Amino acid sequence: QVQLVESGGGLVQPGGSLRLSCAASGKIISIASMGWYRQTPGKQRELVAVVTNSGNTNYADSVKGRFTISRDVPKNTVVLQMNSLKPEDTAVYYCNVGGVISSSSSQLNYWGEGTLVTVSS
């Protein structure tokens with residue numbers, strides 16, 4: 001089984017910055033992709049940003065130029081640096097890892113518990 005531990009959510013004023021971190025642990029051999037999704041009440045969970053193990057990234061249009069995703073492949077960690085935050089970025093942010101190869105499980109996809117980001121003055 002793979003465990004995900006998220007950190008870094010909280011309250012920030014518009015225009016401010018937050019840094020979200022996610023660490024995957026367990027008997028992990030490799031992870032194809034690590035990313036962040038977000039969800040607000042009544043809406044579907046949406047992709048924010050994802051990075052592959054080769055360094056390719058993909059961002060939601062709404063965060064391009066403001067958010068940066070980075071990954072430490074050997075440490076199985078992913079960081080989302082969020083700058084110029086807007087009230088509409090308020091959501092629960094979920095870490096996701098995909099294409100997981102583990103010596104203890106055949107499960108390929110895992111989600112974190114979620115961390116709340118609130119952008120408000």
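Fair warning: this is a prediction, and the values are worked out from it, not measured in the lab.
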*State plainly whether one hydrophobic cluster holds both Val50 and Val78, where clusters connect Ile, Leu, Val, Met, Phe, Trp and Tyr through side-chain heavy atoms under 4.5 angstrom apart.*
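No, because Val50 and Val78 fall into different hydrophobic clusters, even though each may have its own neighbours under 4.5 Å.
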*Same cluster or not: are Val100 and Tyr37 linked, directly or through other Ile, Leu, Val, Met, Phe, Trp or Tyr residues, by side-chain heavy atoms under 4.5 angstrom apart?*
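No, Val100 and Tyr37 fall in different hydrophobic clusters.
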*Tyr110 side chain near Gln1 side chain, heavy-atom distance below 4.5 Å*: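 Answer yes - side chains close enough.
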*Flag the pair Thr40 / Thr90 as yes when at least one side-chain heavy-atom distance between them is below 4.5 Å, and no otherwise.*
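With C-beta onward as the side chain, the pair stays apart.
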*What pairs of residues pass the side chain to side chain donor-acceptor pair (under 3.5 Å) test when at least one of them lies in residues 112-121, not counting sequence neighbours?*
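Pairs touching residues 112-121 that pass the test: none.
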*List in chain and number order the residues that pass side-chain contact (heavy atoms from CB on, under 4.5 Å) with Ser104, two or more places apart in sequence or in another chain; answer none if no residue qualifies.*
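Ser104 satisfies side-chain contact (heavy atoms from CB on, under 4.5 Å) with Lys27, Ser102 only.
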*Name all residues meeting the side-chain contact (heavy atoms from CB on, under 4.5 Å) criterion together with Asp61; count only those two or more places apart in sequence or in a different chain, and write none if there are none.*
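Per chain and number, Asp61 pairs via side-chain contact (heavy atoms from CB on, under 4.5 Å) with Lys64.
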Inter-residue atom distance [X].[atom1] - [Y].[atom2], 0.5 Å rounding:
{"X": "Asp72", "Y": "Ser21", "atom1": "CG", "atom2": "OG", "result": "11.0 Å"}
{"X": "Ile31", "Y": "Thr77", "atom1": "CD1", "atom2": "OG1", "result": "9.5 Å"}
{"X": "Asn53", "Y": "Arg71", "atom1": "CG", "atom2": "CZ", "result": "5.0 Å"}
{"X": "Asn83", "Y": "Thr68", "atom1": "CG", "atom2": "OG1", "result": "6.5 Å"}
{"X": "Met82", "Y": "Asp89", "atom1": "CE", "atom2": "CG", "result": "7.5 Å"}
{"X": "Asn96", "Y": "Asn109", "atom1": "CG", "atom2": "CG", "result": "4.5 Å"}

*Just wondering, more than 12 heavy atoms not from Gln44 lying within 6.0 Å of its CD?*
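Atom CD in Gln44 is not crowded, with 12 or fewer foreign heavy atoms closer than 6.0 Å.
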*NZ or CZ of Arg38 within 45° of Tyr94 ring axis and under 6.0 Å*: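 No, cation not above the ring by the 6.0 Å, 45° rule.
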*Less than 6.0 Å separating the ring centroids of Trp36 and Phe67?*
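No, ring centres 6.0 Å or more apart.
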